[in-house]
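Atoms within a ligand are numbered from 1 in the order they appear, just like the ligands themselves.
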Amino acid sequence: TPPLQPFAIRFGDDNATLEPQGQILQRRMSDLEGLFADRRAWEQAVADGDPVVYTVVSSPVPEVSRELPQSITTIFPGDTGGEFWMTKGHQHPDPQGEIYLGLEGRGGLLLFDGERAEWLDITPGVIGYIPPGWAHRSVNVGDEPYRFLAVYPGSAGHDYGWVLTHGMGLRARRAEGTVELVPFGTP
Ligand code: S6P
Ligand code: ZN
């Protein structure tokens, strides 16, 4: 593929979309099997209407080498068995850096390199830096949608199996109006 031509990308209404727009992805509760610690609560949530947990709206920049794709993730507010709603989380098979820019709501960026776990609070105007080799998961810790812009190298790829095998080091739980980070337990 030849490189793209220069073009402007704008934030749409409520910072929810990018214009022009590429792919839109929707992840429902049923897509998140094996991720929440409380499997019973997850099964119940799937049976109770299988809600959309998050969406990812991308610009038309493709995921190919040398290009720099971007997307806005919106995680809806909620918890399952006390664990805040979150993304699946992944590693980039070709380890490269990535940035997240907070746009709306209150979120957290959980990072895990296989040994150490880190938590970054992400609110509007904050950039979270994801170094090469750190798996990452986003969490909505607020009561409204949490949105952020991700910018990442097009050749990085996405490995979702890694998190199922290694876990993410920590889990984010709802605790009396605040966030409690607890050890991950057995993946
Ligand atoms: C891509 C970047 C984000 C996530 C999105 C959904 O490298 O990190 O755009 O894809 O937040 O999370 P996940 O873990 O389902 O891809
Ligand atoms: Zn990523």
> Which of parallel (below 30°), tilted (30 to 60°) and perpendicular (above 60°) describes Y152 and H92?
Replying inline: parallel
>> Could you walk me through whether L149 and L18 satisfy the side-chain contact (heavy atoms from CB on, under 4.5 Å) test, starting with their C-alpha distance in whole Å, then the side-chain angles of each, then the deciding distance to 0.1 Å, before giving a yes or no?
In response: CA-CA 10 Å; L149 177 79; L18 292 170; 4.2 Å; yes
> Counting backbone and side-chain atoms alike, does H90 have an N/O/S atom under 2.8 Å from the Zn ion (ligand 2)?
Replying inline: yes
> Can T87 and R137 be counted as having a side-chain donor-acceptor contact under 3.5 angstrom?
Replying inline: no
Is there any protein N/O under 3.5 Å from an N/O of ligand 1, and what does the full list of such pairs look like?
{"residue": "ligand 1", "atom": "7 (O)", "partner": "H90", "partner atom": "NE2", "Å": "3.3"}
{"residue": "ligand 1", "atom": "7 (O)", "partner": "H92", "partner atom": "NE2", "Å": "3.4"}
{"residue": "ligand 1", "atom": "7 (O)", "partner": "E98", "partner atom": "OE1", "Å": "3.2"}
{"residue": "ligand 1", "atom": "7 (O)", "partner": "E98", "partner atom": "OE2", "Å": "3.0"}
{"residue": "ligand 1", "atom": "7 (O)", "partner": "H158", "partner atom": "NE2", "Å": "2.9"}
{"residue": "ligand 1", "atom": "8 (O)", "partner": "H90", "partner atom": "NE2", "Å": "3.2"}
{"residue": "ligand 1", "atom": "8 (O)", "partner": "E98", "partner atom": "OE1", "Å": "3.4"}
{"residue": "ligand 1", "atom": "8 (O)", "partner": "E98", "partner atom": "OE2", "Å": "2.8"}
{"residue": "ligand 1", "atom": "8 (O)", "partner": "Y100", "partner atom": "OH", "Å": "2.6"}
{"residue": "ligand 1", "atom": "9 (O)", "partner": "S71", "partner atom": "OG", "Å": "3.0"}
{"residue": "ligand 1", "atom": "11 (O)", "partner": "T73", "partner atom": "OG1", "Å": "2.7"}
{"residue": "ligand 1", "atom": "14 (O)", "partner": "G89", "partner atom": "N", "Å": "2.8"}
{"residue": "ligand 1", "atom": "14 (O)", "partner": "H90", "partner atom": "ND1", "Å": "3.0"}
{"residue": "ligand 1", "atom": "15 (O)", "partner": "Y54", "partner atom": "OH", "Å": "2.5"}
{"residue": "ligand 1", "atom": "16 (O)", "partner": "H90", "partner atom": "ND1", "Å": "3.2"}
{"residue": "ligand 1", "atom": "16 (O)", "partner": "Y160", "partner atom": "OH", "Å": "2.5"}

> To the nearest 10 degrees, how large is the angle at the Zn ion (ligand 2) between H136 NE2 and E98 OE1?
Replying inline: 90°
Would you give the length of the straight line joining atom [atom1] of [X] to atom [atom2] of [Y], rounded to the nearest 0.5 angstrom?
{"X": "T80", "Y": "R174", "atom1": "OG1", "atom2": "CZ", "value": "10.0 Å"}
{"X": "M86", "Y": "Y146", "atom1": "CE", "atom2": "OH", "value": "14.5 Å"}
{"X": "T73", "Y": "R147", "atom1": "OG1", "atom2": "CZ", "value": "10.5 Å"}

>> Any carboxylate oxygen within less than 4.0 angstrom of a Lys/Arg side-chain nitrogen, looking at R39 and E33?
In response: yes
